[in-house]
Amino acid sequence: MLQAIGLTSTHRRNRPPAVDDLTFEARPGEVTALLGPPGAGKTTALRLMLGLERGQGIAYFRGRPLHRVTHPLREVGVLLGDVPGHPARTVRGQLRMVCAVAGVPVSRADDLIDAVGLEGLGDQRLGALSRGMDRRLGMAVALLGDPHTLVLDEPTAGLSAREANWLHGLLRTHARHGGTVLYTTSDSRAAARTADHVVAMAAGRLVGDQDAATFARTRLRPRVAVRTPHAARLAAQLTREARAEHRSVEVVHERGNGLYVYGSDCAQVGETAYRHGILLHRLADETGPSPTPPYATAPAFPYATPTATATAAAPTPAPPYAPAPSPSRADDTPAAPTGRATPTGQGTSAPTGQGTPTPAGRATGHGTPAPAAIPPPARATPRHPAPRAAARRRRRRERSRGARRGPLRPLRYELRRLTGVPSTPIALGAAVLASVVLAVLMGRFGRTPVPVAVAAWPDLLPLPPAALGAGLIGAFSFGDEYRYPALPAVLGAAPRRVGLLVAKLVVTAATALLLAVVVAVVDLEALRLVYGGTLIPVPGDWPSLCASWLALVVGCGWAGLLAAGVFRAAAAGLAAVLAVPVVIAPAVEGALLGPAVRSVAGLPARLRETAWPRWPAEGDRWLDAALRVMAQPVGAALALSLTALLCAFLFAGVRRTARW
């Protein structure tokens with residue numbers, strides 16, 4: 001069960017809050033529609049319930065607030081708009097990456113691709129998906145953790161009738177298996193037809209809370225939809241004839257050339273238009289909301305209770321499904337609601353009391369059958385109800401630990417994020433190719449030292465291509481998290497977390513090391529191939545040169561990563577990498593090469609004598625090498641930049657919460 005209590009958004013200057021003291025509940029086994037016109041505060045209410053927006057009030061999911069749930073994706077599945085993800089990533093890659101966030105097996109992604117009707121489109125890129133296919137992918141992401149509750153914001157907006165019927169059938173299937181479904185809509189007829197319970201909002205406040213049958217009977221009226229280029233003339237004629245015949249007819253202007261005629265039928269409206277020579281483009285009977293608002297203080301709201309003179313009989317929708325929760329949800333599953341019917345074929349007998357068993361499925365229209373049940377994720381061992389003492393200990397542990405706010409498998413997530421987009425191989429390949437070309441050109445001049453030629457670092461460039469490529473990879477690592485935010489699609493996951501930062505640092509360092517080694521080997525072989533091996537001598541201090549080279553490339557990758565995380569843009573990460581040799585290095589060089597009163601010469605010997613009596617034999621050499629690297633202006637500037645960016649990232653993560 002989902003219970004929203006006193007939801008109130010933050011007050012805006014000179015304007016009322018978008019949501020004001022909203023309280024309602026969505027019961028398990030039912031589909032609940034949150035109905036309201038555009039701007040009523042439906043999306044804000046969902047974000048308040050999910051903790052994505054600041055405000056007052058609280059929402060309980062099966063008796064627990066969301067921040068107390070250890071694995072939010074296994075409790076709530078969310079679909080708020082389109083699927084956020086890199087447009088070049090494939091459908092299968094996106095789902096597998098989210099699997100790493102949710103901590104579910106990778107095989108779950110392939111099961112859901114087939115379950116939501118995306119079979120054969122696993123290798124399709126997100127940018128090439130249609131609106132219907134994108135919404136199916138969003139449902140797959142929402143169902144990834146086999147959640148008990150589904151929360152969706154306008155799930156059928158922009159969909160065709162066939163796709164909308166399929167999606168409503170999927171929601172009905174989830175509710176029939178004991179789940180809770182809450183979705184927002186502005187179409188009252190669709191809410192009465194597809195939902196079991198309707199919660200109506202207007203101007204951020206609750207104006208109605210009733211079952212779908214009562215809503216359709218008391219708040220919807222039959223009407224005639226008319227579209228004509230002479231709308232004002234037809235409205236005047238209809239009103240004049242109704243007044244002459246003493247009939248109660250109400251004509252409401254729609255946007256453009258549309259009319260809604262209440263209290264009449266198509267035959268009467270068509271005859272009136274024919275007698276007066278009025279051209280009609282559309283004439284249809286339908287059921288719509290009453291135009292008469294019941295509250296004098298609220299704005300005109302078509303979903304409110306009409307007055308007694310405006311009430312008319314409306315078709316009653318099919319009886320809602322209200323099954324008991326599925327036995328497969330043994331952990332933290334509430335008891336089945338008493339007195340409700342259980343659908344046939346569920347392996348559960350219907351309880352005595354009100355209600356009769358309902359059929360196992362509901363027709364979805366347009367020849368589209370209701371989708372099959374989504375298979376639960378595979379588990380090594382079946383779940384069994386835990387004893388009360390164990391359940392209490394688990395709840396106590398969850399309260400003390402709180403919700404996990406990062407990917408449950410951050411290293412796997414980062415690897416899939418890095419390898420799932422074509423920008424990674426393009427950046428690495430461009431860095432290797434540019435290094436080879438520069439190395440061959442620089443080797444043509446005998447004055448160029450061999451280490452400089454192998455690194456492909458001419459004086460005209462602030463950094464070698466390998467360092468720039470590593471910085472670009474690091475900048476994309478955090479820049480894509482904010483440009484194409486895939487983590488917020490999974491509740492409880494946010495990019496500003498230490499575990500994810502460590503995973504990104506490790507993966508970026510490994511990628512930078514691989515790039516540095518490949519560039520050095522390829523450049524050296526290219527020089528030997530073009531100019532011969534005898535002309536390429538090996539320097540005697542090659543170990544320290546290799547260490548400096550690897551440290552430079554890895555440091556540039558980390559600088560781009562941290563800067564993109566601090567400033568939330570990949571361009572900022574690349575700018576921070578270029579600022580190291582252009583801005584920071586000259587300042588450090590002036591400080592290091594300027595006049596000094598004292599020197600750090602002999603530091604290893606003093607450390608051996610005072611601090612560490614068991615100083616290793618190789619310690620002096622390694623410390624001297626580190627000091628020589630730090631003495632270089634670029635090395636010192638890079639170390640200073642990394643320290644400042646890391647402190648800024650940690651400070652921003654503590655002081656600011658990433659909200660989307």
Side-chain angles (χ1 to χ4, degrees), residues 61 69-80 83-86 89-126 129 133-152 155 166-167 169-171 173-181 325-333 371-383 403-404 406-420 486-493 500 503:
F61 297 86
V69 180
T70 305
H71 305 297
L73 189 62
R74 301 179 186 178
E75 179 65 35
V76 187
V78 178
L79 178 59
L80 304 178
V83 176
H86 198 290
R89 198 180 305 278
T90 62
V91 171
R92 183 174 288 105
Q94 177 78 7
L95 285 177
R96 289 182 175 180
M97 186 177 69
V98 180
C99 283
V101 180
V104 299
V106 179
S107 59
R108 178 69 172 164
D110 297 325
D111 294 340
L112 283 172
I113 286 178
D114 297 335
V116 300
L118 291 177
E119 58 272 3
L121 296 177
D123 297 328
Q124 188 81 10
R125 300 192 183 277
L126 299 186
L129 294 179
M133 296 299 103
D134 182 86
R135 203 58 52 86
R136 289 175 182 253
L137 177 59
M139 289 302 304
V141 173
L143 294 167
L144 202 60
D146 189 28
H148 177 270
T149 304
L150 289 179
V151 177
L152 308 98
W166 173 88
L167 193 145
L170 183 65
L171 300 183
T173 301
H174 183 81
R176 192 168 63 244
H177 285 79
T180 303
V181 178
S326 173
S328 63
R329 307 178 185 275
D331 55 326
D332 300 330
T333 304
I374 303 299
R379 300 183 178 94
T381 57
R383 292 183 179 178
R404 299 182 181 180
L408 297 183
R409 298 170 183 173
L411 190 60
R412 184 180 301 180
Y413 163 79
E414 181 59 21
L415 286 173
R416 294 192 180 279
R417 188 212 59 79
L418 181 69
T419 58
L487 284 179
V490 181
L491 288 178
L500 182 59

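Numbers here simply count residues along the sequence, with the first being 1.
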Is the shortest heavy-atom distance from the side chain of [X] to the side chain of [Y] under 4.5 Å?
| X | Y | value |
| --- | --- | --- |
| Leu171 | Leu152 | yes |
| Leu118 | Gln124 | no |
| Val76 | Phe61 | yes |
| Val91 | Met133 | no |

Original post:
In a check of side-chain contact (heavy atoms from CB on, under 4.5 Å) between Val141 and each of Leu95, Leu112, Val101, which one passes?
Top reply: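 Considering Leu95, Leu112, Val101, a side-chain contact (heavy atoms from CB on, under 4.5 Å) with Val141 is found only for Leu95.
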
Return the [atom1] to [atom2] distance between [X] and [Y], rounded to the nearest 0.5 Å.
| X | Y | atom1 | atom2 | value |
| --- | --- | --- | --- | --- |
| Thr180 | Leu150 | OG1 | CG | 9.0 Å |
| Glu75 | Leu73 | CD | CG | 10.5 Å |
| Leu418 | Met97 | CG | CE | 11.5 Å |
| Gln94 | Ile113 | CD | CD1 | 11.0 Å |
| Arg74 | Leu144 | CZ | CG | 10.0 Å |
| Arg412 | Arg416 | CZ | CZ | 6.5 Å |

Do you know which two heavy atoms are closest between [X] and [Y], and how far apart they sit?
| X | Y | answer |
| --- | --- | --- |
| Thr419 | Leu415 | OG1-O, 2.7 Å |
| Pro147 | Ala142 | CG-O, 3.3 Å |
| Val104 | Gly145 | CG1-CA, 4.4 Å |
| Pro105 | Cys99 | O-SG, 3.6 Å |

Please check: side-chain N/O of [X] versus main-chain N/O of [Y], any donor-acceptor pairing under 3.5 Å?
| X | Y | value |
| --- | --- | --- |
| His148 | Gly77 | no |
| His177 | Thr173 | yes |
| Arg136 | Val116 | yes |

**OP:** May I ask you to decide whether Arg92 forms a salt bridge with Asp123, counting only side-chain N to carboxylate O separations under 4.0 Å?
**Re:**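 Asp123 and Arg92: salt-bridged.
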
